[in-house]
*Asks:* 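Mind having a look at this structure? Questions to follow.
Side-chain atoms are counted along with the backbone in the values below, which use heavy atoms only and exclude waters and symmetry mates.
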Amino acid sequence: MYIKIIKKLVKSKTSVYLANKYITYVIQFAIVILCAKLLGIKYFAIYSFIKLLGQYHSYTNLGINFSFNVIASTLKESNKNNLNNLFNNTLFLNFGFIVVTILMTIFLFSLDIDLLSRYSLKDYIVPIILYLTLKQLNVLFVTYSRLINNLRFINIFYLLPVLFELITLLILFKTHNTLLYVIWSMVLSHFLIFVLFLHQYYSNFKITSINFPSLKNILIKGIMLLIYNFTFYFLLIGAKSFVSKFGSLEAFSNFSLSSNLVEGLGFAISAITFLIFPKILNKYNSKSKASTLSFINNNGELYALCLTSLFFCLLLLYPVIEILFVKFTNLSSTIIGLSVSSFLLLNTFLYSSYLIKKKQEIYLIKIGIFSISILFLSCFVGLKHNFDLIKTTVISLIICNLLYNFLMISMTFKLLNTPENIYIKSLKKTIAIQFTFPLYIYIISLVLDIKLSLILLLFVLLIFVLINRNAYLKIYNKLIQIFTDDNFLSIKGLK
């Protein structure tokens, strides 16, 4: 029996994709460590700021790539022809916004902006523009590849850039312009990926399929999703921006290193959510309220358990992290706090997917803006009273994400007409003790001002596994189903 499962896993496209994705994350982790060690605090801060610019740039196309994914996943008539027409209109919009973005970037760099000068970005303007432009187009091709379940090209998209970065760092780390070479390696890798995508999909390009109603639909949906997506990710990006503005280069380097390490937690889970998001939207399309509620309750608990398990994996790396980064201070408490924040934000996946399907983007935007307002208000209060900048930012993030989590779950249960009291049920889901160990670990370590030992963490992990042993068995069965059946994630009519 197990031999058959192993053979299916080895041949499965999903297994190959996930193996490739996690190898990519390991390499990314190594790149962060190498950059922090080899570039030094100043150039690592510049490298981190360029990556931050990349996160901001992903929103400049008004959410049209995300809009393409959502509309294509919920098409009433799912077929290749409708998908290709949608793709062509989205590609046309992308080119238009790329031109606008390049002109805006050149204009901003022509101004004497203190923040841009502080991070010496004028020295890297050409490769930065090329890198961001190519990456934006490649993300659209990746989304299209996922919708038709072509995972091979997605593997190349994720693996090639990090390999180029790693090789460049290892070969040229002793040169004066190491950072510049790293950025150009990112440009080259995305250019090669773009050429591969063009070669694969050029026959799908048809100017005649471009029409105003479709462009308008993609754009309006995209703007709504953009604002929602921006508020979702801005909770962490905003915190980074706050530290970069009001903290020293050393403080920003410390915070960036911690957040980069914690982002591995998000990357690990996003490897799966990227695959299942279109399928889940498609499932919500055909399910009744009762079956949707059951689906969210059952799978939501398993999803939360996966998140908490990944959090413990990150916790177990702390002793190694502290040895590697002696020059960086307060990493332990910062990483724990950001891990808690990331856990709470990622836990909203099933609920946000349902709200997007029900066209509740306005509500998602409202709670996002509310959470961001609380974040900056609490950060500025802490700054005014001379509290520790990083601790204040981290605690503010946790409070905001707790509120964000609670409000999103509440609306989901309201739309599904749950028989229980909506707010009590939502509160139970938000602070469920069997899945929110990370929050309590952070509170204990913060209040008692202690460093968690490896032995203590292993003991807590053992208790956690014993409490949730039956749920782990369900996760195992679900993952085997996903990994061994290549058709499990396919959307009917688009394969």
*Asks:* Just so I know, are the side chains of L180 and P127 near enough to count as touching, which here means a heavy-atom distance under 4.5 Å?
*Replies:*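 A side-chain contact under 4.5 Å exists here.
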
*Asks:* Are the side chain of N89 and the backbone N or O of N85 linked by a donor-acceptor pair below 3.5 Å?
*Replies:*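 It does hold such a pair.
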
*Asks:* Distance check, rounded to the nearest 0.5 Å: L130 atom CG versus I183 atom CD1?
*Replies:*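 Rounded to the nearest 0.5 Å, the CG-CD1 separation comes to 11.5 Å.
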
*Asks:* Taking all non-hydrogen atoms of both residues, which atom of S352 and which atom of L364 are closest, and how far apart?
*Replies:*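 Looking at all heavy atoms of both residues, the shortest contact is O-CD1, 4.4 Å.
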
*Asks:* Looking at NZ of K357 and CG of L415, how far apart are the two atoms once the value is rounded to the nearest 0.5 Å?
*Replies:*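 It comes to 11.5 Å.
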
*Asks:* Go through the steps for T24 and N20 under the test side-chain contact (heavy atoms from CB on, under 4.5 Å), then give the verdict.
*Replies:* CA-CA 6 Å; T24 301; N20 174 82; 4.0 Å; yes

*Asks:* Can you tell me how far CD1 of I398 sits from CG of L338, rounded to the nearest 0.5 angstrom?
*Replies:*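 Answer rounded to 0.5 Å: 8.0 Å.
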
*Asks:* Considering non-hydrogen atoms only, spot the tightest contact between G382 and T392 and give its length.
*Replies:*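 Looks like CA-CG2, 3.7 Å.
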
*Asks:* Hydrogens and angles aside, do Y144 and N84 bring a side-chain donor and acceptor to less than 3.5 Å of each other?
*Replies:*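 There is such a pair between these side chains.
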
*Asks:* For the OG1 atom of T348 and the CG atom of N405, what is their distance to the nearest 0.5 Å?
*Replies:*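 Taking OG1 in T348 and CG in N405, the distance rounds to 6.0 Å.
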
*Asks:* Do any N or O atoms from the side chain of S189 and from the backbone of M186 form a donor-acceptor pair under 3.5 angstrom?
*Replies:*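 Yes, because the side chain of S189 sits within donor-acceptor range (under 3.5 Å) of the backbone of M186.
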
*Asks:* Measure across Y228 and I365 and return the closest heavy-atom pair with its distance rounded to 0.1 Å.
*Replies:*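 Heavy-atom minimum between the residues: N-CG1, 3.6 Å.
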
*Asks:* Evaluate the side-chain proximity of T393 to F255: yes if any heavy-atom separation is below 4.5 Å, no if none is.
*Replies:*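 They are in side-chain contact.
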
*Asks:* Please report the C-alpha distance between V26 and Y22 in whole Å, then the side-chain angles of each, then the deciding distance to 0.1 Å, and finally whether the side-chain contact (heavy atoms from CB on, under 4.5 Å) criterion is met.
*Replies:* CA-CA 6 Å; V26 171; Y22 291 132; 5.6 Å; no

*Asks:* Looking only at heavy atoms, which two atoms of L86 and S214 are closest? And how far apart?
*Replies:*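 For L86 versus S214, the nearest heavy atoms are CD1-OG, 4.3 Å.
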
*Asks:* Yes or no on side-chain contact (heavy atoms from CB on, under 4.5 Å) for Q200 and N150, after CA distance, side-chain angles and deciding distance?
*Replies:* CA-CA 11 Å; Q200 177 70 14; N150 183 356; 4.0 Å; yes

*Asks:* Measure the shortest side-chain to side-chain distance between I148 and Y201 over non-hydrogen atoms and say whether it is less than 4.5 angstrom.
*Replies:*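 The answer is yes, as the side chains (C-beta and beyond) meet within the 4.5 Å cut-off.
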
*Asks:* In Å, rounded to the nearest 0.5 Å, how long is the span from CZ of F68 to CG of L225?
*Replies:*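 Answer rounded to 0.5 Å: 13.5 Å.
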
*Asks:* Would you check if Y354 and L350 make a side-chain contact, meaning some heavy-atom pair closer than 4.5 Å?
*Replies:*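 Answer no - side chains too far apart.
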
*Asks:* Shortest non-hydrogen contact from V187 to L134?
*Replies:*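 Where V187 meets L134 most closely, the heavy atoms are O-CD1, 3.7 Å.
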
*Asks:* Going by heavy atoms in the side chains, are N94 and I64 under 4.5 Å from each other?
*Replies:*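 SC-SC contact between N94 and I64 confirmed.
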
*Asks:* Just wondering, do Q28 and V32 contact through their side chains at under 4.5 Å, heavy atoms?
*Replies:*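 No, every pair of side-chain atoms sits at 4.5 Å or beyond.
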
*Asks:* Any chance NZ of K51 has more than 12 other-residue heavy atoms, nucleotides or ligands included, within less than 6.0 Å?
*Replies:*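 Result for NZ/K51: enclosed.
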
*Asks:* Please check this pair: side chain of T90 against backbone of N65, looking for a donor-acceptor N/O pair closer than 3.5 Å.
*Replies:*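 Looks like no, no N/O pair under 3.5 Å.
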
*Asks:* Tell me, with the steps shown, if F87 and F141 meet ring-ring contact (aromatic ring centres under 6.0 Å, His included).
*Replies:* CA-CA 9 Å; F87 172 79; F141 284 114; 5.7 Å; yes

*Asks:* Heavy atoms only: give me the nearest V70-K221 pair and the separation to one decimal.
*Replies:*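 Nearest heavy atoms, V70 then K221: CG1-CE, 3.8 Å.
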
*Asks:* Applying side-chain contact (heavy atoms from CB on, under 4.5 Å), run through W184 and V126 and close with a yes or a no.
*Replies:* CA-CA 9 Å; W184 274 112; V126 174; 4.1 Å; yes

*Asks:* Between CG of L169 and CG of L179, what distance do you get to the nearest 0.5 Å?
*Replies:*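 It comes to 9.0 Å.
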
*Asks:* Against N401, only a single residue in S341, S396, S371 fulfils side chain to side chain donor-acceptor pair (under 3.5 Å); can you say which?
*Replies:*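 Only one option passes, and that is S341.
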
*Asks:* For the residue pair Y25 and K21, confirm or rule out a side-chain donor-acceptor distance under 3.5 Å.
*Replies:*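 Yes, a side-chain donor-acceptor pair sits under 3.5 Å.
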
*Asks:* Kindly say whether H190 contributes a backbone atom to a donor-acceptor pair with the side chain of N138 at under 3.5 angstrom?
*Replies:*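 Pair found, side chain donor or acceptor close to backbone of H190.
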
*Asks:* Just wondering, more than 12 heavy atoms not from F191 lying within 6.0 Å of its CZ?
*Replies:*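 Open.
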
*Asks:* Does the H385 side chain pair with the main chain of V381, one donor and one acceptor, at a distance under 3.5 Å?
*Replies:*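 Yes: the side chain of H385 pairs with the backbone of V381.
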
*Asks:* Quick one: does F380's side chain get under 4.5 Å of F246's, heavy atoms only?
*Replies:*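 Result yes, sub-4.5 Å side-chain heavy-atom pair found.
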
*Asks:* Starting from the C-alpha separation in whole Å, work towards a yes-or-no answer on ring-ring contact (aromatic ring centres under 6.0 Å, His included) for Y131 and Y124.
*Replies:* CA-CA 11 Å; Y131 161 66; Y124 311 102; over 10 Å; no

*Asks:* For a 4.5 angstrom cut-off between non-hydrogen side-chain atoms, does I218 reach F92?
*Replies:*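 When only atoms from C-beta onward are counted, F92 and I218 do not touch, as no gap falls below 4.5 Å.
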
